[in-house]
> 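My questions all concern the structure below.
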Protein chains: 2
Amino acid sequence: MEIVQNIKIAVDAIVFGYSENKLNVLLIKQKFGILKNQWALVGGFVKNEETLFEAVNRELLEEAGIKVNYLEQLFTFGDDINRDPRFRVISIAYFALVNSTKLILTADTDAEDAKWFPINELPTLAFDHLEILQTAKERLQSKLTYQPIGFDLLSKEFLFSDLENLYCIILEKEIDRRNFRKKILSFGIVEETNKYGLKTKGRPAKLYKFNKLKYNKLLKEGFLFDINFA
Amino acid sequence: MEIVQNIKIAVDAIVFGYSENKLNVLLIKQKFGILKNQWALVGGFVKNEETLFEAVNRELLEEAGIKVNYLEQLFTFGDDINRDPRFRVISIAYFALVNSTKLILTADTDAEDAKWFPINELPTLAFDHLEILQTAKERLQSKLTYQPIGFDLLSKEFLFSDLENLYCIILEKEIDRRNFRKKILSFGIVEETNKYGLKTKGRPAKLYKFNKLKYNKLLKEGFLFDINFA
DNA sequence: TCAAAAGTGTTCGGTGTACACCCATGT
DNA sequence: ACATGGGTGTACACCGAACACTTTTGA
């Protein structure tokens, strides 16, 4: 049986970053091709000899010069046959998190520009990238409540108030400071250091860190991370 | 920029059915090609002009003659470059549920045979289909606890004891009958009919039915289906 | 001494959990 | 009358939600 398929395979990455009390998304503007002068997600075609995972990581490095903290497959977009006007492209979208938006974006080989955009101030996006982004945002929101991925958006040592804020902003709701703190600490996977954050107004705040080893150990014992506030 | 890709796109479906207190999976044996005489998931290559969704439904109809109750994208398998020995194939796997395993399986065009296998008595499977199946089983287990998909595995009208059993078997744990019943009924999305199930031993059992409209209405009001027992 | 943010405890109501008894039928 | 599965009710413990005060710094 001969199979004749004229379908291309691409990977796209939705990269989230958090800084200054805002949730940001990484977008690029390409030098060449159909995407010239248009903001789009990091992505590109899969090479014959590389895995999907390798393809995403390569594009992240080539187009933005970054290595991410967290990466998982999101969804495969292939039901809109004309999502790319040139020819049929099926895109396997990935969901990524990086800590600190301050990392240097090196618009490298293919990308003319790479920038962080607050999720509420997006430019017009190429193709169906806005739809992909929306799916990614929903995944982020739901996953935040049952997996400790929030820490991948913060630096290794962070302020409790930053963690609180991150949850409030991403979940788009108010959370009681005291209950939030109590809940997180009750898990025993966040530890205080003896360092303090930068001087600001008010009482100095301790830096905390996420103990991943402890978390993995608890996981095996049946522990469930779960943060669901009314 | 010219893109030369030698990658084929396939869809595969993991179809679950429930009957006689067992969780079953639908497998087929193909007439032709590399899969001759091997049990495999329903699936095949995507045609140029059809959506992914259409492709899965077509294969389900062609190879097993069924229409499913529930269908969602599961995961895209493309990290093992040699998962198919002929050439590189990326498979977009779908997760499907049907009510009652008694529906007639018509091994149609391509399939020589189509059969239900209890999930604990599987034959050797083609390619990485066992891995795909494992992923599907995990999705089923987790989704069962936060979405009312159990009803898609039962007939329109069902016995409470069947629902209880379904949960016990799929989640592989014991559940207190009384608490389970109380919980489900408290949602207000399952209603009793005035019919009774087939005569068996003991007191006759009422038939119940799932009120999908009510569920959708409650969903909009922020209702969360959630069944998690210790 | 005042403002501003960090850090801590208590009360209350709801819900998950464990558990025991009655009901309706066929034999 | 008895075996078999269907159907109901209660008591307790724990946890999430609401909420107020003290602490530590800089100005």
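Residue numbers start from 1 in every chain, and the chains themselves are labelled A, B, ... in the order their sequence lines are given, proteins ahead of strands.
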> Please identify which of these residues, B:L27, B:L23, B:V15, meets the side chain to side chain contact (heavy atoms under 4.5 Å, CB included) condition with B:W116.
B:V15

> In this structure, how many angstroms lie between the P atom of D:dG9 and the CZ atom of B:R181, rounded?
11 Å

> Start with the C-alpha distance between B:F16 and B:Y18, add both sets of side-chain angles, then the distance that settles ring-ring contact (aromatic ring centres under 6.0 Å, His included), and finish with yes or no.
CA-CA 7 Å; B:F16 288 111; B:Y18 176 80; over 10 Å; no

> How many whole angstroms separate atom OH of B:Y196 from atom P of D:dG5?
19 Å

> To the nearest Å, how far apart are B:L198 CG and D:dT4 P?
20 Å

> How many whole angstroms separate atom CZ of B:F180 from atom C1' of D:dG9?
19 Å

> Enter the inter-axis angle for the ends of the helix from C:dT1-D:dA27 to C:dT27-D:dA1 (five pairs per end, rounded to 10°).
10°

> Rounded to whole Å, please give me the gap between CG in B:L207 and P in D:dG6.
12 Å

> Which residue, B:L61, B:V98, B:L60, forms the side chain to side chain contact (heavy atoms under 4.5 Å, CB included) with B:K67?
B:L61

> Answer whether the closest heavy-atom distance between the side chains of A:F95 and A:I14 falls below 4.5 Å.
no

> Round to a whole Å and report the spacing from CG of A:L224 to C1' of C:dG16.
15 Å

> Give a yes or no on whether a salt bridge exists between B:E54 and B:R58, defined as a side-chain N under 4.0 angstrom from a carboxylate O.
no

> Can a side-chain donor-acceptor contact be found between B:Q38 and B:Q30 if the only test is distance below 3.5 angstrom?
no

> Taking atom P of C:dC23 as reference, at what distance in whole Å does atom NZ of B:K206 sit?
14 Å

> Which parts of residues 156-171 of chain B get close to DNA chain D, meaning a heavy atom less than 4.0 angstrom away?
B:S161

> Determine yes or no for a side-chain-to-main-chain donor-acceptor pair under 3.5 angstrom, with A:E172 supplying the side chain and A:I169 the backbone.
no

> Please encode protein proximity along nucleotides 16-25 of chain D as a string of B, S and -, counting only heavy-atom distances under 4.0 Å.
SBBBB--BBB

> So, using salt bridge (Lys or Arg N to Asp or Glu O under 4.0 Å) as the criterion, who are the partners of B:E191 when residues are at least two apart?
none

> Return a table of donor-acceptor pairs under 3.5 angstrom between the side chains of residues 216-230 of chain A and protein atoms on other chains or two or more places apart.
| from | atom 1 | to | atom 2 | distance (Å) |
| --- | --- | --- | --- | --- |
| A:N216 | ND2 | A:K212 | O | 3.4 |

> Please collect all salt bridge (Lys or Arg N to Asp or Glu O under 4.0 Å) contacts where either partner lies in residues 116-136 of chain B, sequence neighbours excluded, each pair once.
B:K22-B:E121, B:R83-B:D128

> Which label fits B:Y94 and B:F53: parallel for a plane angle under 30°, tilted from 30 to 60°, or perpendicular past 60°?
perpendicular

